[in-house]
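Everything numeric here is computed off the predicted structure, so don't read it as measured data.
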Amino acid sequence: MSRKDKKTNHDEELKEFKDNLQDEQYSVETPSEEDSNVKYEEAIAEEKDRYLRLFAEFENFKKRTSRERIELFKTAGEEIMTALLPILDDFERALRELEKSGDESHYLGVKLINEKLRNTLRGKGLEPIEINPGDDFDAENQEAVTQIPAPNDELKGKVVDVIERGYRLADKIIRYPKVVVGQ
């Protein structure tokens, strides 16, 4: 065989080898258009779900912080209100003593100051908890200081006397009323 024939034969073998190689070993299947659409739709669905979850989480965060802020504003003055409660108690005691003494002018002056202070604190959300002798004792909302034998059967398990008035600030009890309970 001549050199030219060898070269032609070699070129033909090389071409045949390349064709076989391309057809058999490295045949790459191109995804059909339908398969690629399904993959894109799945990816879009995952991102949409992730977005919705993130949005819902953010909305919950906004609601929670809004509630916390409102609660903070309602009870922002709790510390100062608690500090003023002994002063309110002192006013009550002073009024009782001035009423006993019969000094009408001092009694009226202290009563006006007391009412002004109470109205100002009421405007800021402080409300007294009304408990009267004869009311049922409620361990959830009252503090029993002591128990005494009931003067009559009707006062058994009920409030006999109120030692210290309780107060509520925006639906939160900041001081429980202290009571004496009949046994």
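- Counting non-hydrogen atoms of neighbouring residues, nucleotides and ligands closer than 6.0 angstrom, the CG atom of Leu52 exceeds 12 such neighbours.
- The two residues Leu169 and Leu126 have their closest heavy-atom pair at CD1-N, 3.8 Å.
- Taking CD of Glu59 as the reference point, atom CG of Leu54 lies at 11.0 Å (rounded to 0.5 Å).
- Minimum heavy-atom separation, Gly134 to Lys158: O-CD, 3.3 Å.
- Environment of CD in Glu154: sparse, with no more than 12 heavy atoms of neighbouring residues, nucleotides or ligands closer than 6.0 Å.
- Taken together through direct or relayed side-chain contacts under 4.5 Å among Ile, Leu, Val, Met, Phe, Trp and Tyr, Tyr176 and Val145 form parts of separate hydrophobic clusters.
- Contact check on Arg96 versus Glu99 returns no salt bridge, with no Lys/Arg side-chain nitrogen under 4.0 Å from an Asp/Glu carboxylate oxygen.
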Report the C-alpha distance between Arg93 and Asp89 in whole Å, list the side-chain angles of each, state the deciding distance to 0.1 Å, and finish with yes or no for salt bridge (Lys or Arg N to Asp or Glu O under 4.0 Å). CA-CA 6 Å; Arg93 284 189 284 274; Asp89 295 337; 5.1 Å; no
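- With a 4.5 Å cut-off on side-chain heavy atoms, Gln183 and Ile148 do not count as touching.
- Between Val160 and Val181 the shortest side-chain heavy-atom distance does not fall below 4.5 Å.
- The minimum heavy-atom distance between Phe137 and Glu143, with the atom names listed, is CE1-C, 4.5 Å.
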Steps toward salt bridge (Lys or Arg N to Asp or Glu O under 4.0 Å) verdict (Lys39, Glu42): CA-CA 5 Å; Lys39 288 180 184 178; Glu42 288 175 359; over 6 Å; no
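- With hydrogens and angles ignored, the 3.5 Å screen pairs a side-chain donor or acceptor of Ser101 with a backbone N or O of Leu98.
- Within 6.0 Å of CG on Asn152 lie more than 12 heavy atoms contributed by other residues, nucleotides or ligands.
- With 3.5 Å as the limit, one finds a donor-acceptor pair spanning the side chains of Asn114 and Arg118.
- Glu41 is not listed as a side-chain neighbour of Ile44, based on a closest heavy-atom distance of 4.5 Å or more.
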What do the steps show when you test Glu164 against Arg175 for salt bridge (Lys or Arg N to Asp or Glu O under 4.0 Å), and what is the final call? CA-CA 9 Å; Glu164 192 175 67; Arg175 184 171 82 181; 3.7 Å; yes
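- One hydrophobic cluster, built from ILVMFWY side chains closer than 4.5 Å, holds both Leu95 and Leu108.
- The backbone N or O of Ile131 sits nowhere less than 3.5 Å from a side-chain atom of Asp135 that would complete a donor-acceptor pair.
- Thr120 places a side-chain N or O within donor-acceptor distance of the main-chain N or O of Lys116, the cut-off being under 3.5 Å.
- Taking every heavy atom of both residues into account, Ala83 and Pro86 meet most closely at O-CD, 3.3 Å.
- Of the inter-residue distances, the one linking Glu127 atom CD with Leu121 atom CG reads 10.5 Å to the nearest 0.5 angstrom.
- In this structure, Pro177 and Asn141 approach most closely via the heavy-atom pair CD-O, 3.2 Å.
- Checked by atom type and distance alone, the side chain of Glu71 never pairs as donor or acceptor with a backbone atom of Arg67 at under 3.5 Å.
- Atoms CG and CD, from Leu88 and Glu92 in turn, are 7.5 Å apart once rounded to the nearest 0.5 Å.
- Ile129 and Leu85 fall into different hydrophobic clusters, where Ile, Leu, Val, Met, Phe, Trp and Tyr side chains are chained together by heavy-atom contacts under 4.5 Å.
- The shortest side-chain heavy-atom distance between Lys172 and Glu78 falls under the 4.5 Å cut-off.
- For the atom pair CG (Leu155) and CG (Asp161), the distance works out to 11.0 Å, reported to the nearest 0.5 Å.
- For the atom pair CD (Glu97) and OH (Tyr107), the distance works out to 12.0 Å, reported to the nearest 0.5 Å.
- Considering every non-hydrogen atom in both Tyr167 and Pro128, the closest pair reads CD2-CA, 3.6 Å.
- Separating the CD1 atom in Ile163 from the OG1 atom in Thr146 is a distance of 8.5 Å, to the nearest 0.5 Å.
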